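Atoms considered below: every heavy atom in the structure, side chains included; atoms not considered: hydrogens, waters and symmetry mates. None of these values were measured; they are calculated from a predicted model.
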Amino acid sequence: MDVLKIENLSKKYGKGQNEVTAVDDISFSVKKGEFVAIVGPSGSGKSTLLHLMGGVDKPTAGKVYIDGMDIYALKEKDLSILRRRKVGFVFQAYNLIPVLSAEENILMPLLLDNRKEDKQYINELLTILDLKDRKGHLPSELSGGQQQRVSIGRALANKPSIILADEPTGNLDTKNSREVLELLKYSAKRYNQTLVLISHDMNIAGMADRVISIVDGRISSDEAVR
Ligand code: ADP
Ligand code: ADP
């Protein structure tokens, strides 16, 4: 089953002389549980593409299907529900709430969605992310790698079918980057979640099942790793 299907997707910004085509007629599909890395030069349209996939930016043309649903045909309210339930975002900036503990930050999406936590799942998540003995700590009391693991926990708390990560290791050193990515990859595989990740670091992108290269808003190659 294709969890994610993108059809002739385009996004233009600006008008007249200032018009920029950030994403230019892109189509591809991603299977359940697949780990896809998106690579390409700065300004090639990677972030725009990721935002369009996650329902946070409207395309100029084309369609995005998540679990078979044409997401931009949904009403704004339904799109926001779909985003909360099916998509988990991880960014380069951790965006943690400074006055909440690691565990409270992770539980935030469930709170916002008025949903009860699955205690066993959350505990397992804390174990996988190696945060068990840090769950009561504030973000300021955690290292960069630990803070990013909290933000991954927060993205996974809702058991999303898709995890979208934009340069999630951009602020971490090589060793921490690899560790954090291993954990993200492991948990995505464990729960059969689809992972789409942007990275300019080929060591990180090489951990994916498939690498899609974007140049000037278009796919220049799409290859299985190994
Ligand atoms: P990447 O993530 O590969 O660096 P982006 O998707 O951020 O690329 O940007 C692609 C192109 O779209 C760039 O030329 C960028 O300047 C332009 N762009 C991105 N976001 C906006 C915006 N909100 N308004 C205008 N232009 C934008
Ligand atoms: P890393 O190797 O991940 O960069 P650090 O060297 O930054 O880790 O931190 C080592 C340990 O010290 C971590 O377990 C972290 O929880 C703890 N720590 C780091 N900064 C603080 C702080 N400001 N207050 C309390 N504990 C901290």
Chemist: Holding to side-chain hydrogen bond (donor to acceptor under 3.5 Å, both in side chains), I want the full list of residues that pass it with Asp67, two or more places apart in sequence or in another chain.
Modeler: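 With neighbours one apart ignored, the set is Lys86, Ser161.
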
Chemist: Check step by step if side-chain contact (heavy atoms from CB on, under 4.5 Å) holds for Asp209 and Lys189.
Modeler: CA-CA 11 Å; Asp209 304 320; Lys189 290 283 179 212; 2.9 Å; yes

Chemist: In the structure I gave you, are the side-chain heavy atoms of Ser80 and Lys77 within less than 4.5 Å of one another anywhere?
Modeler: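 A side-chain contact under 4.5 Å is absent here.
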
Chemist: Pairing donors with acceptors under 3.5 angstrom, does anything connect the side chains of Asn158 and Arg115?
Modeler: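 Checked: Asn158/Arg115 side chains pair up, N/O donor to acceptor below 3.5 Å.
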
Chemist: Are Met53 and Ile6 packed together at the side-chain level, in the sense that at least one heavy-atom pair is separated by less than 4.5 angstrom?
Modeler: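 In short, these two side chains touch, coming nearer than 4.5 Å.
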
Chemist: Could you see if Leu9 belongs to whatever hydrophobic cluster contains Val3? Use Ile, Leu, Val, Met, Phe, Trp, Tyr and a side-chain cutoff under 4.5 Å.
Modeler: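 Leu9 clusters together with Val3.
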
Chemist: Would you call Glu223 and Arg210 a salt bridge, using N to O less than 4.0 angstrom?
Modeler: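 No.
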
Chemist: Can you check whether Ala205's main-chain N or O pairs, donor with acceptor, with Ser199's side chain at less than 3.5 Å?
Modeler: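 Pair absent, no side-chain N/O of Ser199 close to backbone of Ala205.
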
Chemist: Quick check with a 6.0 Å cut-off and a 45 degree axis cone: is Lys159 positioned over the face of Tyr121's six-membered ring?
Modeler: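 Here Lys159 passes the 6.0 Å and 45° test against Tyr121.
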
Chemist: Counting only N and O atoms by type, is there a donor-acceptor contact under 3.5 Å from the side chain of Lys63 to the main-chain atoms of Asn8?
Modeler: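 No, the answer is negative, given that no donor and acceptor are paired below the 3.5 Å cut-off.
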
Chemist: In the structure I gave you, are the side-chain heavy atoms of Arg149 and Arg134 within less than 4.5 Å of one another anywhere?
Modeler: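 Arg149 vs Arg134: side chains apart.
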
Chemist: Please check if atom CG in Asp216 has more than 12 non-hydrogen atoms from other residues, nucleotides or ligands closer than 6.0 Å.
Modeler: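 Open.
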
Chemist: For Glu104, give me all partners under side chain to side chain contact (heavy atoms under 4.5 Å, CB included), at least two apart in sequence or on another chain.
Modeler: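 With sequence neighbours excluded, Glu104 shows a side chain to side chain contact (heavy atoms under 4.5 Å, CB included) to Leu100, Ser101, given in chain and number order.
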
Chemist: Would you kindly confirm whether Phe28 and Tyr65 end up in one hydrophobic cluster when ILVMFWY residues are joined by side chain heavy atoms under 4.5 Å apart?
Modeler: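 Phe28 and Tyr65: separate clusters.
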
Chemist: Would you say the side-chain atoms of Gln148 pair up with the backbone N or O of Pro168, donor to acceptor, closer than 3.5 Å?
Modeler: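 Indeed, once roles are kept as given, a pair shorter than 3.5 Å links the two residues.
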
Chemist: Would you indicate whether the side-chain heavy atoms of Leu52 and Lys11 approach each other to under 4.5 Å?
Modeler: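 In short, these two side chains touch, coming nearer than 4.5 Å.
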
Chemist: Judged by modelled atom types alone, do Tyr13 and Asp57 share a side-chain donor-acceptor pair under 3.5 Å?
Modeler: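 Yes, a side-chain donor-acceptor pair sits under 3.5 Å.
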
Chemist: Taking everything shown except Gln120 itself, do over 12 heavy atoms lie less than 6.0 Å from its CD?
Modeler: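 Incorrect, the count does not exceed 12.
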
Chemist: If you group Ile, Leu, Val, Met, Phe, Trp and Tyr by side-chain heavy-atom gaps below 4.5 Å, do Val150 and Leu110 land in one group?
Modeler: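 Shared cluster, yes.
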
Chemist: Would Leu138 end up clustered with Leu111 when hydrophobic side chains under 4.5 Å apart are linked, directly or stepwise?
Modeler: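 Not linked; separate clusters.
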
Chemist: Taking Glu124 first and then Arg190, would you say they form a salt bridge - that is, a charged N and a carboxylate O separated by under 4.0 Å?
Modeler: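 Yes, Glu124 and Arg190 are salt-bridged.
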
Chemist: So if you build clusters from Ile, Leu, Val, Met, Phe, Trp, Tyr with side-chain heavy-atom gaps below 4.5 Å, do Leu4 and Leu79 land together?
Modeler: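 Cluster IDs for Leu4 and Leu79 match.
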
Chemist: Backbone N or O of Leu96 within a donor-acceptor pair of the Gln147 side chain at under 3.5 Å?
Modeler: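 No; zero donor-acceptor contacts below 3.5 Å.
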
Chemist: Using atom types as modelled and distance alone, determine if a side-chain donor or acceptor of Lys32 lies under 3.5 Å from a backbone N or O of Gln193.
Modeler: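 No.
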
Chemist: Within the distance-only criterion (no hydrogens, no angle test), does the side chain of Asp166 pair as donor or acceptor with the backbone N or O of Ser47 below 3.5 angstrom?
Modeler: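 Not confirmed, Asp166 side chain does not pair with Ser47 backbone.
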
Chemist: Tell me whether Glu7 is salt-bridged to Lys5, with the criterion being a basic N under 4.0 Å from an acidic carboxylate O.
Modeler: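 The answer is yes: the pair qualifies as a salt bridge.
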
